[in-house]
Each structure stands twice: as C-alpha cells, then as structure tokens.
Student: 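Just dropping this structure here.
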Amino acid sequence: MGPSYKVAVIGAGTAGLVTARELQREGHHVTVFEKANKVGGTWLYDPRVETDRLGIDPNREIVHSSLYKSLRVNVPRQVMGFLDYPFVKKEGGDQRPFPCHEEVLRFLEDFARDFGLMELIRFGNEVVRVELVDEVTHNKWVVQSRTRETDSKWGSKKEVFEAVVICNGKHTEPKVAEFSGRDSWPGLQLHSHNYRTPKQFENKIVVVIGNGPSAIDILKEISPIAEQVHHAVRGPDIQLKKLENLHDNIWQHPMIECAHEDGKVVFRDGSIVFADIILHCTGYKFHFPFLLSNGIITVDDNRVGPLYKHVFPPSLAPYLSFVGIPYMGFCVVLELQAKWVAKVLCGKLKLPTQEEMAYSVEQFYCQMEKRGWPKRFTHNLQHDEVEYKAWLAAQLRVNLPKLMKQVTVFSLVKARSRLRDDYRDTWDVDGWMQAQQMEVSD
C-alpha cells in the first residue's frame with residue numbers, strides 16, 4: 001500500500017461520486033463537500049430559478065442545477081453507467097432507453113449507497129475557498145466551507161487537506177449571446193439554465209438562441225403554447241424559413257444582429273420580429289470562484305489551463321486535480337480520470353516531470369492552433385474521445401470492452417442526427433450497438 005492522503009473532493013455529482021469511490025479504494029481519507037442536501041449534482045432537479053434569469057449578475061444567489069422538468073437524457077442508458085456498475089433497468093423505475101432525469105438521479109443515489117459513499121459526504125457545505133498554503137511541497141491546501149445556520153447567518157469552517165480534487169461540474173455558470181442592444185432590450189431574457197416549464201411562454205413571441213439538444217427540446221416544448229417561436233442559429237448559410245417539420249409557428253433565422261428598446265429584434269439577414277422573450281440556450285462557462293491559485297489556473301475562453309490531459313495542473317500536480325472537465329465524454333471517461341488521480345496519489349502510477357507535462361500541454365495548444373480550433377474547444381473530445389479513453393486505459397492497465405473503446409458521444413450524435421425527432425422512443429439502440437460491436441470485431 002502506497003501513501004494515503006487526506007483528500008477533499010468538491011462536489012457530489014457524477015464526477016465527485018466516482019472520484020470518492022476510487023480514492024477510497026486506494027486507501028485515501030476522503031471528504032466530499034456538497035452544497036446541496038442530496039447527491040446528484042446537475043441531475044438533482046431544483047424548481048427554483050435564479051433572481052437574475054440571464055445569469056450574469058455575480059451577486060445573484062446561484063441555483064446549481066440546469067434541469068428542466070421534462071428533461072430526458074439524450075444518450076442511451078447503455079453508455080451512461082460505469083465499467084463495473086451499469087445503468088440497468090430497475091423494477092418500478094423508468095425503463096426506457098432514454099429515461100427521465102429522475103431515473104439518473106436514482107442511479108447515482110444507488111451508486112453512492114452501494115459503495116458506502118454517503119458517510120463521506122458533508123451535505124449543505126458550500127466550498128468558498130481552496131488555497132495552497134505550502135508552496136514547497138504543494139500538499140497543504142486550506143479548504144474553507146460554509147453552512148447555512150439561519151436564513152441570514154452562515155457558519156464557516158477552515159480545514160487543511162493534503163490534496164484536492166475539483167468535481168463541481170460545468171453546467172452552472174451561463175454563457176450568453178452577445179449582440180448590440182442586449183442590455184437595454186425591454187423584454188424578458190433568460191438562459192436555459194433558468195428554464196423549468198413552458199408556462200411563462202404561453203401566447204408569447206419568443207426568440208430561442210442556440211441549436212444544441214436543450215435548445216431543440218425547449219423549442220419543441222414551448223411551440224404548442226407560444227404565439228410564435230423564432231429560432232436563431234449560428235451558421236454560414238442559415239436563411240429565414242418556416243420549420244414545417246416541427247410546429248406551424250416556428251421560423252428559423254440567422255443569429256441576432258441587434259435589439260432595440262422598442263422590443264424589436266433584428267437578425268443578421270435583416271429580418272425583424274417584435275418579441276416578448278429571448279431565451280439563450282447558449283451553453284456554459286467553467287467557473288471556479290473558490291479556487292485561489294495565484295494565477296496558476298486560469299479560464300480563458302472556456303479553456304481551463306494549463307491542465308495535463310485535462311486533469312493535472314503541471315506545477316501543482318498531483319495534489320490538485322480536476323475530474324469531469326472534458327465535454328463529449330461518457331461516465332467511463334470520468335471513471336478513468338478518477339482512477340488515474342487516485343492511483344497517482346497513492347504512488348501506484350507516476351506522472352511525467354512538471355516540465356514534461358507543461359511541454360505536453362503547450363504541444364496540444366499548438367496542435368489546436370494549427371487546426372484552426374478556438375480555445376473554447378480545448379476540452380471538447382469530439383475528435384479525440386477514442387484516443388483519450390485508450391490513453392487513460394493504457395496508463396491504468398484497464399482492458400476496456402471493445403464496444404466502449406469505439407462508441408463515442410460523437411458517433412451517437414451522428415447516428416441520432418439521421419433519425420426523427422422522436423428518436424428517444426423509436427430508436428433501436430440495442431440493434432445499433434450490436435451493429436457497432438460487429439464493426440469493432442471486424
């Protein structure tokens with residue numbers, strides 16, 4: 001048995017739970033800090049919305065979850081489990097391949113109970129500061145947390161840990177569209193982070209910005225009760241047209257050019273609509289307000305860096321790490337990252353030198369620049385998920401199932417794009433995965 005450290009894990013969502021399990025398996029002493037009173041992270045539905053619906057006021061009271069009430073997952077349960085703990089159908093639960101968010105939460109609750117993680121979690125504890133206090137060994141970190149004692153009073157506590165793993169998710173700090181006149185436009189603006197139900201859109205003229213899964217789900221949900229829905233989409237050849245295949249009151253536009261104080265919204269093709277609501281389905285920004293790293297860790301255009309393989313800051317490794325940064329990765333990616341962190345801390349695996357890790361990060365940034373990729377794509381595994389999983393598995397000497405090696409979020413999205421809008425209920429996922437299995441075997 002290698003060294004055993006006192007480790008703080010920030011967050012009890014999917015990444016935090018699997019990280020706590022792997023750290024505990026390697027003999028570390030784990031404390032998980034969770035602001036909410038239950039596990040689940042982003043999968044814990046909260047009917048509340050923020051006082052600033054657009055999510056740009058830094059002084060707003062933050063609501064962590066971005067779930068809307070009707071949400072169903074957009075990747076099948078077959079790829080949402082862990083290597084040794086699949087997301088199986090359970091009697092009395094939602095047995096559909098694309099279940100509702102409540103079923104995902106039940107899966108995570110079962111996972112936490114089955115692996116004895118509940119006793120490691122301090123519920124109702126919000127981390128407000130993580131700061132290095134030993135700049136020589138890098139293994140003394142102050143973690144300051146607070147708990148609400150009354151409506152107006154907070155209790156605070158400071159503790160020292162030898163290592164910190166940040167697993168606070170990436171769907172809490174909204175990223176909003178920029179256009180002239182946005183801040184003086186008189187109608188209601190909100191981010192999808194603060195969308196829960198369609199009721200407030202009844203008989204309204206709505207502009208929906210964005211073309212991701214949430215934008216499409218919400219657009220389809222509000223269009224039956226809204227007066228009109230105008231869908232603003234980024235792209236070189238987007239033209240004004242009516243979207244007949246969805247609902248007869250939906251029009252597609254290019255992005256917004258500007259908005260006016262009289263309620264007018266002008267699109268880049270010159271088309272105009274007088275709208276009541278602008279809904280920003282425009283994604284999220286990484287946000288670590290509690291992390292005081294003296295400028296070592298930065299977030300620049302959604303690039304968290306420098307991070308070696310999206311996990312370790314070279315100059316602070318292995319005592320500070322991140323699990324769950326990459327986009328386009330299944331739970332198995334989180335699991336492999338967590339195993340890597342736990343085994344590096346206990347000495348079973350070694351990292352390259354600080355200089356070698358820093359050089360690897362710089363090489364990665366140079367490759368991105370040559371490909372013409374913006375910084376915000378740094379943690380998007382769309383083109384590298386297979387290689388990234390294989391690299392992590394090789395470090396850990398883990399034999400991934402053949403299908404797990406090849407099926408990626410991108411391959412699922414590509415297959416899904418050829419299906420109808422009701423793919424969640426009509427797609428034969430098992431048949432598709434069997435076909436993928438045959439291709440892998442060939």
Side-chain angles (χ1 to χ4, degrees), residues 6-17 19-20 23 29-69 101 105 108-109 112-113 117-134 140-174 176 190-191 193-197 284-294 297 299 320 322-324:
K6 182 182 178 184
V7 186
V9 175
I10 315 300
T14 309
L17 292 175
T19 297
L23 288 166
H29 305 287
V30 184
T31 300
V32 181
F33 292 88
E34 173 51 53
K35 179 181 178 181
N37 291 315
K38 294 179 69 176
V39 301
T42 197
W43 293 104
L44 182 59
Y45 177 74
D46 190 338
R48 298 177 304 150
V49 295
E50 297 173 348
T51 50
D52 173 19
R53 300 289 187 88
L54 201 51
I56 58 178
D57 180 1
N59 297 315
R60 72 194 188 280
E61 183 175 355
I62 293 174
V63 175
H64 182 78
S65 179
S66 298
L67 290 181
Y68 38 98
K69 191 173 183 179
H101 59 82
L105 180 60
L108 294 174
E109 290 172 336
R113 281 192 294 267
L117 304 179
M118 299 298 276
E119 54 264 35
L120 306 179
I121 304 170
R122 293 186 190 171
F123 292 108
N125 277 254
E126 178 185 4
V127 172
V128 295
R129 180 165 71 103
V130 172
E131 186 172 12
L132 179 67
V133 292
D134 187 335
K140 284 188 180 179
W141 295 82
V142 167
V143 175
Q144 182 178 351
S145 60
R146 67 174 186 172
T147 55
R148 188 182 290 276
E149 297 179 348
T150 67
D151 287 345
S152 58
K153 184 181 178 182
W154 293 84
S156 183
K157 184 177 183 180
K158 297 178 184 177
E159 298 169 84
V160 175
F161 290 84
E162 293 166 294
V164 177
V165 190
I166 296 176
C167 309
N168 68 322
K170 48 181 173 277
H171 298 107
T172 296
E173 187 70 11
V176 300
L190 71 156
H191 190 276
H193 176 68
N194 289 304
Y195 174 85
R196 297 294 181 269
T197 67
Y284 296 86
K285 299 181 288 188
F286 288 106
H287 192 51
F288 312 104
F290 52 82
L291 180 59
L292 306 180
S293 68
N294 206 19
I297 306 297
V299 181
L320 180 68
F322 296 76
V323 170

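Heavy atoms only: backbone and side chains are in, while hydrogens, waters and symmetry mates are out.
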Student: Would you say Glu119 has more than 12 foreign heavy atoms packed within less than 6.0 Å of its CD?
Tutor: yes

Student: Enter the distance from Gln144:CD to Phe33:CZ here, rounded to the nearest 0.5 Å.
Tutor: 10.5 Å

Student: Quick check: closest heavy atoms across Arg113 and Met118, and the distance to 0.1 Å?
Tutor: CG-CG, 4.1 Å

Student: As a quick check of understanding, evaluate side-chain contact (heavy atoms from CB on, under 4.5 Å) for Val176 and Ile56, giving each step before the final call.
Tutor: CA-CA 8 Å; Val176 300; Ile56 58 178; 4.0 Å; yes

Student: Please report the C-alpha distance between Leu291 and Val164 in whole Å, then the side-chain angles of each, then the deciding distance to 0.1 Å, and finally whether the side-chain contact (heavy atoms from CB on, under 4.5 Å) criterion is met.
Tutor: CA-CA 11 Å; Leu291 180 59; Val164 177; over 6 Å; no

Student: State which residue, out of Thr19, Leu117, Val165, Leu23, fulfils the side chain to side chain contact (heavy atoms under 4.5 Å, CB included) condition with Val30.
Tutor: Leu23

Student: Using a strict cut-off of less than 4.0 Å between a Lys/Arg side-chain nitrogen and an Asp/Glu carboxylate oxygen, indicate whether Glu159 and Arg122 qualify as a salt bridge.
Tutor: yes

Student: Under 4.5 Å between any side-chain heavy atoms of Trp43 and Leu108, yes or no?
Tutor: yes

Student: How close do Leu67 and Thr42 get, heavy atom to heavy atom, and via which atoms?
Tutor: CG-O, 3.1 Å

Student: Can you check side-chain contact (heavy atoms from CB on, under 4.5 Å) on Val130 and Leu292, steps first, answer last?
Tutor: CA-CA 6 Å; Val130 172; Leu292 306 180; over 6 Å; no

Student: Between Asn125 (side chain only) and Phe123 (backbone N and O only), is there a donor and an acceptor less than 3.5 Å apart?
Tutor: yes

Student: Measure the spacing between CD1 of Ile10 and CG of Asn168 and express it to the nearest 0.5 Å.
Tutor: 8.0 Å

Student: In the structure I gave you, are the side-chain heavy atoms of Trp154 and Thr147 within less than 4.5 Å of one another anywhere?
Tutor: no

Student: Which distance, rounded to the nearest 0.5 Å, do you find between the CD of Glu50 and the CG of Leu190?
Tutor: 11.0 Å

Student: Looking at every non-hydrogen atom in both residues, tell me the closest pair between Arg196 and Val49 and how far apart they are.
Tutor: CG-CG1, 3.8 Å

Student: Examine distances only and state if a side-chain atom of His101 and a backbone atom of Lys69 form a donor-acceptor pair shorter than 3.5 Å.
Tutor: yes

Student: Do Val143 and Lys158 come within less than 4.5 Å of each other through their side chains, counting heavy atoms only?
Tutor: no

Student: Between Ile166 and Phe290, is any pair of side-chain heavy atoms under 4.5 Å apart?
Tutor: yes

Student: Quick one: do Val39 and Ile121 satisfy side-chain contact (heavy atoms from CB on, under 4.5 Å)? Show the steps, please.
Tutor: CA-CA 9 Å; Val39 301; Ile121 304 170; 3.5 Å; yes

Student: Check whether any side-chain heavy atom of Val7 sits under 4.5 Å from a side-chain heavy atom of His29, and report yes or no.
Tutor: no

Student: Which value, rounded to the nearest 0.5 Å, describes the distance between His287 atom NE2 and Thr172 atom OG1?
Tutor: 9.0 Å

Student: Is the distance between the ring centroids of Phe322 and Phe288 less than 6.0 Å?
Tutor: yes

Student: Taking C-beta and beyond as the side chain, do His64 and Asp46 meet within less than 4.5 Å on heavy atoms?
Tutor: no

Student: For the residue pair Lys170 and Tyr284, would you count it as a cation-pi contact if the rule is NZ or CZ under 6.0 angstrom from the ring centre and within 45 degrees of the ring axis?
Tutor: no

Student: If I take atom CD from residue Glu149 and atom OG from residue Ser156, how far apart are they, to the nearest 0.5 angstrom?
Tutor: 9.5 Å

Student: How far apart are the closest heavy atoms of Gly40 and Leu105, and which atoms are they?
Tutor: CA-CD1, 3.8 Å

Student: Counting heavy atoms not belonging to Lys6, are there more than 12 under 6.0 Å from its NZ?
Tutor: yes

Student: Compare every heavy atom of Val63 with every heavy atom of Arg48, then report the nearest pair and how far apart it is.
Tutor: O-CG1, 3.8 Å

Student: Could you check whether Arg60 pairs with Glu173 (Lys NZ or Arg NE/NH1/NH2 to Asp/Glu carboxylate O, under 4.0 Å)?
Tutor: yes

Student: Tell me whether Glu126 is salt-bridged to Arg148, with the criterion being a basic N under 4.0 Å from an acidic carboxylate O.
Tutor: no

Student: Minimum heavy-atom separation for Ala15 to Val323, with atom names?
Tutor: CB-O, 3.6 Å

Student: Rounded to the nearest 0.5 Å, what's the gap from CG on Asn194 to CG on Asp52? Could you check?
Tutor: 8.0 Å

Student: Are a donor atom and an acceptor atom from the side chains of Ser66 and His171 found within less than 3.5 Å of each other?
Tutor: no

Student: Taking the side chain from Arg53 and the backbone from Tyr195, do they hold a donor-acceptor pair closer than 3.5 Å?
Tutor: no

